[in-house]
Amino acid sequence: MEDVPENAPEHCPGTQSEQAGKSASCQGCPNQKLCASGATKAPDPAIAEIGVKLSTVKHKILVLSGKGGVGKSTFSAHLAHALASDGTKEVALLDVDICGPSIPRIMGLEGEQVHQSGSGWSPVYVDDNLAVMSIGFLLSSPDDAVIWRGPKKNGMIKQFLRDVDWGELDYLIVDTPPGTSDEHLSVIQYLSSTHVDGAVVITTPQEVSLQDVRKEIRFCQKVKLPIIGVVENMSGFVCPKCKNTSQIFPPTSGGAEQMCANLKLPLLGKVPLDPRIARSCDEGKSLFNEIPDSPAAEVYRKIVQSIQDYCSNRVTEEQSTT
């Protein structure tokens with residue numbers, strides 16, 4: 001639970017609970033007096049600080065999925081590459097997958113380190129207009145395990161949002177781990193004083209994936225996070241030689257298309273399974289440079305254009321209501 005201190009006893013009701021400091025399980029807890037005073041229910045001052053810090057970021061996009069292994073980081077990386085291909089746009093990619101940070105490898109930045117400046121942590125740059133931040137840059141080895149409880153993960157996410165010198169950005173993309181737990185709640189909470197455009201939800205065609213993705217969609221609805229749309233990854237294999245398509249992961253329940261129709265959500269696109277995408281990620285290269293004429297690259301461009309249109313329309317709608 002996000003609001004349970006690391007040194008709390010078992011069955012702690014949480015610092016935000018009405019029973020904080022009062023329940024039987026609070027007896028003997030070093031935080032009991034503080035919780036009972038009500039001070040723990042006050043808003044985290046970091047929320048306002050992050051609001052000020054990110055006031056120079058025009059668009060904030062979260063990439064989510066209830067399922068692991070569906071290609072969130074791959075999508076986040078190539079969304080960042082595509083947006084940054086316009087040299088007039090400033091783009092940043094934040095990796096909040098604390099226990100499984102794969103963005104440094106995918107972006108070709110393994111071995112890079114974060115440096116401290118007078119205005120905070122300096123992100124690592126792929127290009128002059130594409131910045132990246134990940135806990136992977138803080139580890140001594142890519143094989144190091146991050147074995148942290150929720151509060152410590154949340155503290156790191158807070159630092160990423162508040163202490164990184166992002167500067168003026170057109171787009172900040174946040175790549176999240178699978179699920180609907182600590183990291184997701186922290187990101188939503190800390191960004192609550194800023195304008196978040198919405199979330200792109202990633203899935204694969206099979207029902208095993210869709211089942212967890214529906215939970216992620218419910219999560220977005222509960223926390224009032226707009227959903228930009230759904231992307232179906234690994235949507236058929238297109239043979240590079242004959243161009244025929246084979247269904248490696250059959251959409252037994254209709255795939256993302258049927259799910260989006262049922263839930264009245266936009267389907268942004270279906271990215272075909274292409275082993276060259278995996279290779280480009282392993283080598284830290286952009287698929288737009290490696291396989292620019294592939295069916296996958298073509299679908300990606302259409303998805304990115306839809307996301308850009310969505311963000312532009314939201315700005316227009318907000319301006320018309322003010």
Side-chain angles (χ1 to χ4, degrees), residues 50 53-54 57 60-65 67-84 90-117 119-167 169 171-179 181-187 190-191 200 202 233 277-287 289-290:
I50 290 168
K53 187 79 172 185
L54 298 184
V57 179
K60 305 166 195 73
I61 300 167
L62 307 187
V63 179
L64 306 171
S65 180
K67 194 70 175 173
V70 296
K72 289 181 302 301
S73 296
T74 298
F75 178 82
S76 298
H78 286 102
L79 173 59
H81 277 302
L83 293 170
E90 295 293 330
V91 181
L93 173 57
L94 171 59
D95 179 9
V96 298
D97 192 341
I98 304 298
C99 295
S102 53
I103 287 296
R105 178 64 181 251
I106 294 174
M107 300 300 286
L109 298 173
E110 240 180 12
E112 297 289 338
Q113 293 183 330
V114 172
H115 299 285
Q116 187 84 24
S117 69
S119 53
W121 286 348
S122 297
V124 179
Y125 283 84
V126 180
D127 293 308
D128 290 342
N129 67 330
L130 178 51
V132 179
M133 178 55 75
S134 169
I135 194 174
F137 299 138
L138 306 177
L139 303 178
S140 58
S141 164
D143 297 329
D144 284 353
V146 178
I147 308 171
W148 288 357
R149 294 185 185 276
K152 199 165 183 180
K153 290 182 187 177
N154 301 336
M156 179 56 69
I157 292 170
K158 182 193 297 186
Q159 277 192 278
F160 281 156
L161 293 170
R162 182 188 60 191
D163 299 339
V164 173
D165 183 16
W166 295 111
L169 294 175
Y171 294 95
L172 173 63
I173 301 156
V174 182
D175 180 39
T176 68
S181 56
D182 286 318
E183 293 93 332
H184 309 80
L185 291 169
S186 291
V187 169
Y190 293 137
L191 292 178
V200 177
I202 312 296
N233 267 340
I277 297 177
R279 187 172 67 238
S280 70
C281 290
D282 281 348
E283 295 176 353
K285 298 175 181 177
S286 166
L287 71 86
N289 295 331
E290 298 299 296

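Atoms considered below: every heavy atom in the structure, side chains included; atoms not considered: hydrogens, waters and symmetry mates.
Scanning both residues, Lys72 and Leu64, for their nearest heavy atoms gives CD-C, 3.7 Å. Asp97 and Pro178 get closest at one heavy-atom pair: OD2-CD, 4.5 Å. Nearest heavy atoms, Met133 versus Ser122: CE-O, 4.0 Å. In terms of heavy atoms, Val57 sits closest to Gly167 at CG2-O, 4.5 Å. Across Asn154 and Asp182, no two heavy atoms sit closer than the pair OD1-O, 3.5 Å.
The main-chain N or O of Ala84 is found under 3.5 Å from a side-chain atom of Asn129 such that the two form a donor-acceptor pair. Distance alone, capped at 3.5 Å, is enough to place a donor-acceptor pair between the Arg105 side chain and the Asp282 backbone. Judged by distance alone, with hydrogens and angles left aside, the side-chain atoms of Thr176 form a donor-acceptor pair with the main-chain N or O of Val63 at under 3.5 Å. The backbone N or O of Phe75 sits nowhere less than 3.5 Å from a side-chain atom of His78 that would complete a donor-acceptor pair. Checked by atom type and distance alone, the side chain of Asp127 never pairs as donor or acceptor with a backbone atom of Leu130 at under 3.5 Å. Between the side chain of His184 and the main chain of Pro177, a donor-acceptor pair closer than 3.5 Å is present.
How far CD1 of Ile103 is from CG of Asp175: 4.5 Å, rounded to the nearest 0.5 Å.
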### Message
Could you walk me through whether His115 and Trp121 satisfy the side chain to side chain contact (heavy atoms under 4.5 Å, CB included) test, starting with their C-alpha distance in whole Å, then the side-chain angles of each, then the deciding distance to 0.1 Å, before giving a yes or no?
### Response
CA-CA 6 Å; His115 299 285; Trp121 286 348; over 6 Å; no

### Task
Give the C-alpha distance, both sets of side-chain angles, the deciding distance and a yes or no for side chain to side chain contact (heavy atoms under 4.5 Å, CB included) between Ile173 and Leu83.
CA-CA 10 Å; Ile173 301 156; Leu83 293 170; 3.8 Å; yes

### Task
Evaluate the criterion side chain to side chain contact (heavy atoms under 4.5 Å, CB included) for residue pair Leu79 and Tyr171; output intermediate values, then yes/no.
CA-CA 10 Å; Leu79 173 59; Tyr171 294 95; over 6 Å; no

### Task
Verify side chain to side chain contact (heavy atoms under 4.5 Å, CB included) between Arg162 and Lys53, making sure each step is shown before the conclusion.
CA-CA 6 Å; Arg162 182 188 60 191; Lys53 187 79 172 185; 5.5 Å; no

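When each of Ser186, Ser181, Cys99 is checked for a side-chain contact (heavy atoms from CB on, under 4.5 Å) with Lys153, only Cys99 meets the rule.
Counting only heavy atoms from C-beta outward, the side chains of Val132 and Glu112 never approach each other to under 4.5 Å. Contact check for Val126 versus Leu93: no side-chain heavy atoms found under the 4.5 Å cut-off. Between Pro104 and Phe137 the shortest side-chain heavy-atom distance falls below 4.5 Å. Two residues are said to be in side-chain contact when any heavy atoms from C-beta on lie closer than 4.5 Å; Leu94 and Leu161 meet this criterion. Taking 4.5 Å as the limit, some side-chain heavy atom of Ile135 sits within range of a side-chain heavy atom of Phe160.
Partners of Lys67 by side-chain contact (heavy atoms from CB on, under 4.5 Å), not counting sequence neighbours, listed by chain and number: Ser65, Val70, Val208, Ser209, Asp212. Not counting sequence neighbours, the partners of Ala131 by the side-chain contact (heavy atoms from CB on, under 4.5 Å) test are Ala92, Pro123, Tyr125.
At most 12 non-hydrogen atoms from other residues, nucleotides or ligands lie less than 6.0 angstrom from CG of Asp128.
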